[in-house]
Amino acid sequence: MPSRSLQEHVPDVILLDIEMPRMDGYEVASHVRADPRLDGHARSVMITSRVGEKHRARAIELGVSDYLGKPYQESAAARCHRAARQAAA
């Protein structure tokens with residue numbers, strides 16, 4: 001189960017990485033998608049060094065809204081931020 005803060009609060013954006021301690025980004029994305037409070041309300045952005053198509057496809061399949069490879073361009077992060085703000089409005 002993701003952190004207690006996700007149980008208590010619905011964020012506009014959730015930043016993930018495939019390689020995270022305890023629970024990887026795929027697992028968190030699965031939990032977000034399975035939670036009706038979060039699915040469709042919190043935008044997930046995967047920021048990772050894993051830029052292969054199979055990693056991207058799996059993340060998109062799990063409901064990740066945006067997938068950025070590291071190092072990412074500031075303009076790509078700004079685009080994700082704008083999309084999250086528009087979705088929250």
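For this chain, numbers begin at 1 and follow the sequence in order.
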Nearest-0.5 Å distance, OG of residue S30 to CE of residue M23:
9.5 Å

What residues join V45 in its hydrophobic cluster, counting side-chain heavy atom gaps under 4.5 Å, either direct or through other members?
V13, L15, I47, L68, Y72

Identify the heavy atoms of D24 and I18 that sit nearest to each other, and give their distance.
CB-O, 2.7 Å

I want to check something: taking the side chain as every heavy atom from C-beta on, are H55 and M46 in contact at a cut-off of under 4.5 Å?
no

Output all residues satisfying side chain to side chain contact (heavy atoms under 4.5 Å, CB included) with D39, sequence neighbours left out; order by chain, then residue number.
R33

Under the rule for side-chain hydrogen bond (donor to acceptor under 3.5 Å, both in side chains), what residues qualify as partners of D17, not counting sequence neighbours?
T48, K70

How would you list, by chain and number, every residue that makes a side chain to side chain contact (heavy atoms under 4.5 Å, CB included) with V51, sequence neighbours excluded?
none

Nearest atoms (heavy-atom pairs only) where P11 meets A42:
O-CB, 3.3 Å

Only counting residues at least two apart or in another chain, list the ones meeting salt bridge (Lys or Arg N to Asp or Glu O under 4.0 Å) with K54.
none

Drop me the distance from L16's CG to E27's CD, to the nearest 0.5 angstrom.
11.5 Å

Show which side-chain atoms of residues 57-67 pair as donor or acceptor with protein atoms under 3.5 Å away, not counting sequence neighbours.
unit_1, atom_1, unit_2, atom_2, d
D66, OD1, R79, NH1, 3.1
D66, OD2, R43, NE, 3.4
D66, OD2, R43, NH2, 2.9
Y67, OH, R50, O, 2.4

